[in-house]
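Below is one structure, written out as structure tokens; the observations come after it.
Every chain is numbered from 1 and lettered A, B, ... according to where its sequence line falls, protein lines coming before strand lines. Quick caveat: nothing in here was measured; it's all calculated off a predicted structure.
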There are 2 protein chains.
Amino acid sequence: MKTKTKRVTILEVAKDAGVSFSAVSKVLRNAYGVSDALRERVNTSIKKLGYSPNMAARGLRGRSFVIGVVFPDMRNPFLADIFTGISSALQRTPYQAVRGIAGHSSETDLTQAMIDMQMDGIILVSSGLSHEQLTDSGARIPLVIIGNRPPAPTTFDTVNNNDEQSGRLVIAHLAKQGAKRIAMLSLESPTAMRMRERGYTMGMEENGSAHFGTIMRAPKLSRGLYSGIEALLEKRPEAVFCWCDEVAFETISHARANGLRIPEDVAIVGHDNTAYCALDQNSLTSVDQSGEQIGLNATKLLIERLEGRRECEQILLQPRLVVRRSSTIHA
Amino acid sequence: MKTKTKRVTILEVAKDAGVSFSAVSKVLRNAYGVSDALRERVNTSIKKLGYSPNMAARGLRGRSFVIGVVFPDMRNPFLADIFTGISSALQRTPYQAVRGIAGHSSETDLTQAMIDMQMDGIILVSSGLSHEQLTDSGARIPLVIIGNRPPAPTTFDTVNNNDEQSGRLVIAHLAKQGAKRIAMLSLESPTAMRMRERGYTMGMEENGSAHFGTIMRAPKLSRGLYSGIEALLEKRPEAVFCWCDEVAFETISHARANGLRIPEDVAIVGHDNTAYCALDQNSLTSVDQSGEQIGLNATKLLIERLEGRRECEQILLQPRLVVRRSSTIHA
DNA sequence: GCAATTTCGTGCAACCTTGCACATACAAGG
DNA sequence: CCTTGTATGTGCAAGGTTGCACGAAATTGC
């Protein structure tokens with residue numbers, strides 16, 4: 001009953017094919033010095049026995065061909081877009097992706113765990129880690145950071161949306177429609193938010209309404225925000241710029257519950273242009289930062305790193321505003 | 001420049017502590033036969049050198065203490081609830097969780113990859129694999145299935161919502177309000193959906209409106225559904241029961257866009273009671289199947305398995321209807 | 001005080017793979 | 001026919017850990 005089905009190893013394949021196990025290894029790695037005949041024979045045996053290499057053993061010796069992706073949570077659908085990009089970039093490569101979610105275990109723990117599992121490299125999304133911690137991690141393992149733009153990284157690559165531009169786009173759009181009292185709901189942690197706030201502030205200054213510069217920060221994406229939104233709406237802003245769509249949806253909900261019309265009483269703008277924005281009940285204006293592009297680029301950078309690049313690289317992508325009813329004050 | 005910072009190994013810890021490396025291993029595994037003094041000394045060295053065991057090497061020999069979780073996609077927030085449950089169940093155990101997303105790579109590939117990575121066990125969520133495939137996988141590695149209820153599993157455990165009950169709850173609720181023409185939007189793949197459909201059908205029969213039993217199935221959660229929803233709404237059902245909240249939100253969007261009032265013209269009910277249901281713009285009636293409980297139970301079962309249990313176990317959780325405005329026809 | 005038992009540590013094989021150094025065979029060049 | 005070269009395959013160490021078998025010392029029993 002306890003048929004703990006022994007794994008088929010490279011050795012058994014070798015025996016079956018009647019060659020040395022080194023030869024099998026060569027075929028697997030398609031290394032130099034194997035005749036077509038041998039390759040054929042080995043491949044047949046592999047298929048016959050249903051062999052697949054043990055990643056742990058492989059990782060112990062050289063590369064594991066597994067890369068880790070660390071997300072801050074799994075509730076934000078924008079992260080799904082990023083992952084789509086990562087997956088498709090990995091499509092024609094020998095690499096596999098594995099994901100971890102911070103939030104429960106800490107980000108440092110998770111990163112360490114991934115190093116322990118012999119991952120070849122890590123993509124860290126919207127990390128709350130300090131510049132110092134990132135530098136440290138980057139020294140230990142090839143690292144690409146998404147959504148966090150420290151001044152001058154020396155040990156890792158970054159891919160970011162131009163968050164400053166995001167903020168300015170939104171404010172410019174709202175200002176053009178006459179809005180002056182524009183509030184922002186932001187987030188404490190990733191430094192990308194600081195950039196977005198900067199864009200907001202600059203936009204407000206250009207707009208001549210710097211006096212209303214109201215930024216409210218939450219520690220992280222969570223339900224607890226509600227009370228903050230309540231308080232914010234009581235100040236009666238003409239518009240609210242939310243750091244992500246999910247918060248914007250909540251803001252819409254709250255505005256409606258308080259009898260405010262959208263966009264007449266309060267215009268609302270989100271960020272990320274996730275799928276739900278297009279739903280009629282939301283019809284949310286949002287800044288599109290193609291998550292897929294971001295994921296794609298990050299993966300490209302990481303693979304380049306793994307192939308040997310040593311200098312750091314930074315990619316900045318340009319956002320694009322998608323206007324919908326939630327901010328179309330004058331229809 | 002290429003300071004590929006060598007990992008600290010168990011050997012260096014041993015040297016630092018002035019003991020054999022086997023002794024260090026004993027401390028790590030807190031095995032029998034270590035004095036407090038030695039334990040102390042080793043732990044100090046571990047901390048001093050910042051040592052952490054190499055999981056790959058560990059996995060090569062015995063258990064890796066990593067379990068894999070396979071999700072069908074990462075867009076459904078209900079999965080986040082499940083993961084929360086899994087994480088908290090893992091909290092006080094030595095196990096770590098790692099996640100993979102099917103959809104790009106196939107589920108079988110992913111499962112195989114996890115076996116290759118020496119994971120100790122796997123939790124498979126809403127898998128589309130056949131009973132046969134599951135049985136096969138279960139024979140190779142400890143396996144718990146969530147959201148898929150094959151007749152009589154022999155090699156794996158299952159945790160499920162009572163989906164039949166879900167369907168009946170919904171129909172009973174709608175029927176009580178006088179609805180007769182109730183449609184259902186379902187999904188092809190996991191067998192759990194068949195159960196939910198069964199509940200719907202039984203409910204419709206009890207309700208005396210079996211003649212309208214309209215079930216529309218999509219291959220998987222995706223945008224493409226839209227056309228199907230259009231067609232369905234044209235049949236003018238009094239209510240639509242959607243297999244998950246996301247589809248319900250889309251249905252709401254479509255109904256609104258077509259000038260239908262909710263719930264007067266068409267009532268809408270979702271499933272999973274995800275966070276967005278409570279938003280004012282959705283206010284979606286939904287069946288609550290505590291994802292957290294499901295994740296918790298699945299993890300418990302898996303750990304029991306890893307600790308040696310051999311008989312299969314099946315857990316069935318009872319759902320609960322949460323009524324909101326989207327189905328409150330007579331306010 | 002000697003044997004028996006317990007407690008604490010050490011030695012070493014095994015896990016499965018990679019990748020280099022090496023052996024063999026066969027062809028071509030002189 | 002011997003030398004050199006190339007193509008193909010084999011042998012083996014190494015990688016970091018676990019866990020068992022085994023010594024050595026300390027404790028106990030009588």
Whole angstrom value for the distance that separates C1' of C:dC16 from CE of B:M117: 16 Å
statement: Here the distance between atom C1' of D:dG9 and atom CG of A:D36, to the nearest Å, is 15 Å
- line: One should read off an interatomic distance between A:L49 CG and A:I10 CD1, to the nearest 0.5 angstrom, of 12.0 Å
- line: Picking from D:dT10, C:dT10, D:dT17, the nucleotide nearest the side-chain atoms of A:S20 would be D:dT10
- request: Work out which heavy atom in A:V27 is nearest to a heavy atom in A:N43; give both atom names and the distance.
  value: CG1-OD1, 3.8 Å
message: Please report the distance, rounded to the nearest Å, between CD1 in B:I10 and C1' in D:dG19.
response: 12 Å
- request: With heavy atoms under 4.0 Å as the rule, sort B:S35 into base, sugar-phosphate or nothing.
  value: sugar-phosphate
task: Compute the bend angle of the helix from C:dG1-D:dC30 to C:dG30-D:dC1 from the end axes (five pairs per end), rounded to 10°.
output: 40°
- request: Evaluate side chain to side chain contact (heavy atoms under 4.5 Å, CB included) for A:D16 paired with A:T44, printing each intermediate quantity in order.
  value: CA-CA 10 Å; A:D16 183 88; A:T44 308; over 6 Å; no
task: Assign each of A:L60 and A:R63 to its nearest nucleotide of DNA chain C by heavy atoms, then name whichever residue's nucleotide is nearer the 5' end.
output: A:L60
Check ion pair A:R305-A:D120 (N to O, under 4.0 angstrom): no
- prompt: Yes or no on side chain to side chain donor-acceptor pair (under 3.5 Å) for A:S45 and A:R41, after CA distance, side-chain angles and deciding distance?
  reply: CA-CA 6 Å; A:S45 290; A:R41 203 138 46 92; over 6 Å; no
query: Is there a side-chain contact between A:Q118 and A:M55 (heavy atoms, below 4.5 Å)?
result: no
field: Rounded distance in Å - CG (B:L11) to C1' (D:dG15)
entry: 11 Å
message: OP1 or OP2 of C:dC20 versus the side-chain N and O atoms of A:Y32: is any pair under 4.0 Å?
response: no
query: Could you state the CG-P distance from A:N30 to C:dG19, rounded to the nearest angstrom?
result: 12 Å
task: For C:dT18, take OP1 and OP2 only and decide whether either is under 4.0 Å from a side-chain N or O of A:S25.
output: yes
query: Taking the inter-plane angle between the rings of B:H131 and B:F156 on a 0 to 90° scale, is it parallel (under 30°), tilted (30 to 60°) or perpendicular (over 60°)?
result: perpendicular
message: In whole Å, I'd like the distance from the CG atom of B:D116 to the P atom of C:dC16.
response: 12 Å
- prompt: Once you round it to whole Å, what is the distance between P of D:dT18 and CZ of B:R58?
  reply: 5 Å
- request: Under 4.0 Å between any heavy atoms, over every strand shown, what does A:R29 touch: base, sugar-phosphate, or nothing? Just pick one.
  value: base
- prompt: Taking CZ from B:R7 and C1' from D:dG15, how many angstroms apart are they, rounded to a whole number?
  reply: 12 Å
message: Under 4.0 Å, counting only non-hydrogen atoms across every strand here, what does A:S22 touch: a base, just sugar-phosphate, or nothing?
response: base
query: Looking only at N and O atoms, is any donor in the side chain of A:K26 or the base of D:dG9 less than 3.5 Å from an acceptor on the other one?
result: yes
message: Classify B:G33 by what it touches in the nucleic acid, base, sugar-phosphate, or nothing, heavy-atom distance under 4.0 Å.
response: base
- prompt: So do the side chains of A:D157 and A:I145 get within less than 4.5 Å of each other, counting heavy atoms only?
  reply: no
message: Let's see if you can work this out: which of D:dG16, D:dT18, D:dG11 has an atom nearest to the side-chain heavy atoms of B:R61?
response: D:dT18
